[in-house]
Protein chains: 2
Amino acid sequence: MGDVFKALADPTRRALLDELQERDDQTLFELCTRLLHRGFSSSRQAVSQHLDVLEQAGLVRRRREGRYTFHSLDTSPLKAITDRWRTGP
Amino acid sequence: MGDVFKALADPTRRALLDELQERDDQTLFELCTRLLHRGFSSSRQAVSQHLDVLEQAGLVRRRREGRYTFHSLDTSPLKAITDRWRTGP
DNA sequence: TGGACAGGCAAGTGAGGACTTGCGTATCGT
DNA sequence: ACGATACGCAAGTCCTCACTTGCCTGTCCA
């Protein structure tokens, strides 16, 4: 299992999580074009590598269908963050 | 205000937050020796620079008293993380 | 079945980050 | 007052990471 904290360190990866929260099950090209509308000018390969990191961190799941690869969000690893440094009961 | 996510990306900085949660208001030397017991062999300057990053992220507050500098934990910036990608109510 | 589309793989490059090194400053004890 | 302590500052080194470049594989449509 990869590092969840390092996965969240990059602003482009956080924007990808934002995008997947608005609309789940998006392909790589969909995510690329939608990132452009958010002001991120990332190439296809760059976005693909970011999704690799997010997948290794357990934050994104990949599902291959034909020539499309759909990506879905999984926010369960984020619970460990606030559970680790608990502010109140 | 610095980047909270980048501050959490380093394992040494996370260990510093762990240490401050166990015992608040520690000096730099206290944190250095306690990190050694956790297996982190970081120099004094390295720990000081890590605390700089944590302070800029709003996770650590510094208070100078004489020749000692006490560090205290502030976990309030962590709320923004789970609030951003909300899993359930 | 040829070509366009969607995506993967791997080496190379450039910038930022973690750490060191060396020196300087202020504070406390004796 | 002198040395030891606790810490800050700044330049330099090394290494990780994000991104590019180039090429390859597999899938759908006409």
Side-chain angles (χ1 to χ4, degrees), chain A residues 1-20 23-72, chain B residues 1-20 23-72:
Chain A
M1 193 79 137
D3 197 338
V4 184
F5 299 96
K6 280 193 177 179
L8 294 174
D10 190 87
T12 306
R13 285 197 285 267
R14 292 189 295 251
L16 282 169
L17 296 181
D18 291 337
E19 190 53 55
L20 283 176
R23 176 186 293 222
D24 214 36
D25 276 332
Q26 294 195 52
T27 68
L28 177 60
F29 264 64
E30 280 174 342
L31 290 168
C32 282
T33 56
R34 283 177 167 259
L35 277 191
L36 281 177
H37 294 326
R38 294 183 177 236
F40 292 87
S41 60
S42 301
S43 69
R44 177 182 62 88
Q45 289 86 350
V47 176
S48 180
Q49 287 170 2
H50 281 308
L51 290 169
D52 285 341
V53 179
L54 291 172
E55 187 188 23
Q56 276 199 326
L59 292 165
V60 162
R61 294 198 186 122
R62 280 193 168 125
R63 171 174 47 92
R64 189 73 183 261
E65 273 186 22
R67 58 174 164 176
Y68 298 102
T69 301
F70 294 96
H71 302 76
S72 61
Chain B
M1 191 79 138
D3 197 336
V4 184
F5 300 96
K6 280 193 177 180
L8 294 174
D10 189 86
T12 306
R13 286 197 285 267
R14 291 189 296 247
L16 282 169
L17 296 182
D18 291 337
E19 190 52 54
L20 283 176
R23 176 186 293 221
D24 214 35
D25 275 333
Q26 294 195 53
T27 68
L28 177 59
F29 263 65
E30 281 174 341
L31 289 169
C32 283
T33 55
R34 284 177 167 260
L35 276 192
L36 281 177
H37 294 326
R38 295 185 178 237
F40 291 88
S41 60
S42 301
S43 70
R44 176 183 62 87
Q45 290 84 350
V47 176
S48 180
Q49 287 170 1
H50 281 308
L51 290 168
D52 285 342
V53 178
L54 290 172
E55 187 189 23
Q56 276 199 326
L59 291 165
V60 161
R61 293 196 186 122
R62 280 195 168 123
R63 170 174 50 91
R64 189 75 183 260
E65 273 185 22
R67 58 174 164 177
Y68 299 101
T69 301
F70 294 96
H71 302 77
S72 61

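The analysis underlying the following values was restricted to heavy atoms, covering all of them including side chains, and did not include hydrogens, waters or symmetry mates. Naming convention: chains lettered A, B, ... in sequence-line order (proteins, then strands); numbering from 1 in each chain.
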Could you state the [atom1]-[atom2] distance from [X] to [N], rounded to the nearest angstrom?
X     : N      : atom1 : atom2 : result
B:D10 : C:dA18 : CG    : C1'   : 7 Å
A:R63 : C:dG8  : CZ    : P     : 14 Å
B:R64 : D:dA6  : CZ    : P     : 12 Å
B:R62 : D:dC9  : CZ    : P     : 8 Å
B:D52 : D:dC9  : CG    : C1'   : 10 Å
B:L28 : D:dT5  : CG    : C1'   : 12 Å
A:F29 : C:dC5  : CZ    : C1'   : 7 Å
A:D3  : D:dT16 : CG    : P     : 15 Å

So, is A:H50 close to the D:dC19 phosphate, meaning a side-chain N or O under 4.0 Å from OP1 or OP2?
yes
Below 4.0 angstrom from OP1 or OP2 of C:dG8, is there any side-chain N or O of A:S48?
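It does, given that an N or O in the side chain of A:S48 lies less than 4.0 Å from OP1 or OP2 of C:dG8.
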Return whichever of A:Q45 or A:A9 has its heavy-atom-nearest nucleotide of DNA chain D closer to the 5' end.
A:A9
So that I can tick it off, tell me whether B:R62 and B:D52 are bridged by a salt bridge, with the cut-off set at under 4.0 angstrom between side-chain N and carboxylate O.
yes
For DNA chain C, determine which residues of residues 32-44 of chain A have any heavy atom closer than 4.0 angstrom to one of its atoms, and list them numerically.
A:R44
